[in-house]
Amino acid sequence: MSENAELAENLISSLELALPPIAVTFTDVAPADVPPYDGIVPAGCVFWQQAATRTFVTSAKDHALCSIGTHTHHLAQPVPSHQAELTEALKTMSALDYVRADEVAAIPVIEREVRHVVYGPLADCHLGPDVVLVFAHARQGLILSEAIARVDNGVPPALGRPACAVLPQARNHGNAALSLGCCGARAYLDALTDAVSLWALPAGKLDRYCAEIATLARANKILTTFHSRRREDVEAGKQPTMRQSLERLSS
């Protein structure tokens with residue numbers, strides 16, 4: 001089993017993920033053994049969901065209908081209509097007071113120009129991915145946030161719109177980040193339900209994240225049982241001491 005496959009298995013097992021973790025790689029050269037994307041998507045975030053089952057490589061033309069994603073990913077050689085589409089999108093969002101000029105300037109963008117983006121399941125990734133994406137609900141996010149805080153020595157930032165900005169945030173700063181999604185991503189992705197958020201983990205720290213996630217997942221499971229039984233006792237009219245609750249846990 002490859003290292004990436006082992007890390008993917010650890011994440012799926014520890015967090016009980018519904019979707020496998022997704023590897024995202026920014027590269028100057030399209031890998032010869034990775035097929036090019038062969039469809040049309042309304043937004044680049046759709047690639048994340050499709051990458052749960054197959055690996056493919058994209059370029060700016062595949063992101064053509066997503067001017068925001070083309071911008072955040074700093075894609076090289078965008079389609080001729082890109083700047084006009086981006087201007088129109090931002091104009092509409094500004095008119096709705098959805099985004100303001102100073103907020104646009106603060107949106108994370110990949111620092112270097114990107115020619116290709118490879119997407120696929122982490123388990124199948126033979127490249128050195130830049131970012132690993134994890135779709136997680138609140139309980140899974142609890143464990144992720146606790147693990148990330150240990151590795152990154154701080155609480156991960158939570159980003160709003162656009163959802164795709166979470167990738168450059170993690171890539172540029174080398175620390176994990178949480179995306180609460182955006183209305184676009186939530187409209188395009190079936191996986192991004194109201195209960196789910198998106199986590200971006202810089203791949204260079206993935207082994208350290210996984211080790212802490214495994215530890216904290218076990219601890220959370222045990223402590224959940226502890227608190228559930230303690231609640232049962234209190235609701236039954238008892239007033240257990242900490243020692244009594246711990247003895248019940250071990251019995």
Hey, any chance [X] and [Y] share a hydrophobic cluster, counting ILVMFWY side chains that come within less than 4.5 Å of each other, even indirectly?
X: Tyr188; Y: Val24; result: yes
X: Leu198; Y: Tyr119; result: yes
X: Val151; Y: Leu133; result: no
X: Ile22; Y: Val131; result: yes
X: Leu19; Y: Val196; result: yes

Are Arg112 and Asp28 ion-paired here, with the side-chain N under 4.0 Å from a carboxylate O?
->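 Yes, this pair counts.
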Flag side-chain contact, heavy atom, 4.5 Å: [X] against [Y]:
X: Thr55; Y: Cys125; answer: no
X: Pro162; Y: Ile107; answer: yes
X: Leu159; Y: Pro108; answer: yes
X: Leu11; Y: Leu7; answer: no
X: Arg243; Y: Glu247; answer: yes
X: Leu122; Y: Leu206; answer: yes

Can any side-chain N or O of [X] pair as donor or acceptor with the backbone N or O of [Y] at less than 3.5 Å?
X: Thr225; Y: Lys221; result: yes
X: Asn175; Y: Pro156; result: no
X: Lys205; Y: Gly174; result: yes
X: Gln49; Y: Asp190; result: yes
X: Ser245; Y: Met242; result: no
X: Thr72; Y: Gly69; result: yes
X: Gln140; Y: Glu16; result: yes

Between [X] and [Y], which heavy-atom pair has the shortest distance, and what is it?
X: Ala217; Y: Ser14; result: CB-O, 3.5 Å
X: His82; Y: Ser67; result: CE1-O, 3.3 Å
X: Val57; Y: His116; result: CG2-CB, 3.8 Å
X: Val109; Y: Asn172; result: O-ND2, 2.7 Å
X: Ala163; Y: Ala185; result: CB-CB, 3.8 Å
X: Arg186; Y: Leu192; result: NH1-O, 3.3 Å

Would you say the side chains of Thr58 and His63 form a donor-acceptor pair under 3.5 Å?
->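 Per modelled atom types, Thr58 and His63 side chains form a pair under 3.5 Å.
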With side chain to side chain contact (heavy atoms under 4.5 Å, CB included) as the test, would you mind laying out the steps for Leu144 and Leu178 before giving the verdict?
-> CA-CA 10 Å; Leu144 279 162; Leu178 161 67; over 6 Å; no
Side chain to side chain contact (heavy atoms under 4.5 Å, CB included) assessment of Val114 paired with Thr27 | CA-CA 6 Å; Val114 174; Thr27 179; over 6 Å; no
May I ask you to check whether over 12 heavy atoms, not counting those of [X], lie within 6.0 Å of atom [atom1]?
X: Gln244; atom1: CD; result: yes
X: Glu9; atom1: CD; result: no
X: Arg139; atom1: CZ; result: yes
X: Arg115; atom1: CZ; result: no
X: Glu235; atom1: CD; result: yes

Straight-line distance of [X] [atom1] to [Y] [atom2], nearest 0.5 Å:
X: Gln77; Y: Thr70; atom1: CD; atom2: OG1; answer: 12.5 Å
X: Gln50; Y: Leu189; atom1: CD; atom2: CG; answer: 9.5 Å
X: Thr193; Y: Phe135; atom1: OG1; atom2: CZ; answer: 10.0 Å
X: Ile40; Y: Asp62; atom1: CD1; atom2: CG; answer: 9.5 Å
X: Thr224; Y: Asn220; atom1: OG1; atom2: CG; answer: 5.5 Å
X: Ile12; Y: Leu17; atom1: CD1; atom2: CG; answer: 6.0 Å

Derivation and outcome, side chain to side chain contact (heavy atoms under 4.5 Å, CB included), residues Ile143 and Leu15 | CA-CA 8 Å; Ile143 297 168; Leu15 296 172; 3.9 Å; yes
Mind checking what makes ring-ring contact (aromatic ring centres under 6.0 Å, His included) contact with His71, not counting sequence neighbours?
->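 For His71 there are no ring-ring contact (aromatic ring centres under 6.0 Å, His included) partners, ignoring immediate neighbours.
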Apply ring-ring contact (aromatic ring centres under 6.0 Å, His included) to Tyr37 and list each qualifying residue two or more places apart in sequence or on a separate chain.
-> Phe47, Phe56
Residues in side chain to side chain donor-acceptor pair (under 3.5 Å) contact with Asp124, at least two apart in sequence or another chain = none
Which residues share a side chain to side chain donor-acceptor pair (under 3.5 Å) with Asp233, sequence neighbours left out |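 Testing Asp233 for side chain to side chain donor-acceptor pair (under 3.5 Å), a comparison that skips the adjacent residues, returns Arg248.
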Name the atoms and distances for all side-chain donor-acceptor pairs under 3.5 Å in residues 91-103, with sequence neighbours left out.
{"residue": "Thr92", "atom": "OG1", "partner": "Glu88", "partner atom": "O", "Å": "3.1"}
{"residue": "Asp97", "atom": "OD1", "partner": "Arg100", "partner atom": "NE", "Å": "2.7"}
{"residue": "Asp97", "atom": "OD1", "partner": "Arg100", "partner atom": "NH2", "Å": "3.4"}
{"residue": "Asp97", "atom": "OD2", "partner": "Arg100", "partner atom": "NH2", "Å": "2.8"}
{"residue": "Glu103", "atom": "OE1", "partner": "Arg100", "partner atom": "N", "Å": "2.8"}
{"residue": "Glu103", "atom": "OE1", "partner": "Arg161", "partner atom": "NH2", "Å": "2.8"}

Which pairs pass ring pair (Phe, Tyr, Trp, His ring centres under 6.0 Å) with one or both residues in residues 199-233, sequence neighbours excluded?
->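 Every candidate ring pair (Phe, Tyr, Trp, His ring centres under 6.0 Å) pair involving residues 199-233 fails, so no pair, neighbours aside, qualifies.
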Aromatic ring proximity His73/Phe26, centre distance under 6.0 Å =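 Centroid distance His73-Phe26: below 6.0 Å, so yes.
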Take Ile68 and Cys164 through the side chain to side chain contact (heavy atoms under 4.5 Å, CB included) test and state the conclusion after the steps.
-> CA-CA 8 Å; Ile68 300 295; Cys164 55; 4.2 Å; yes
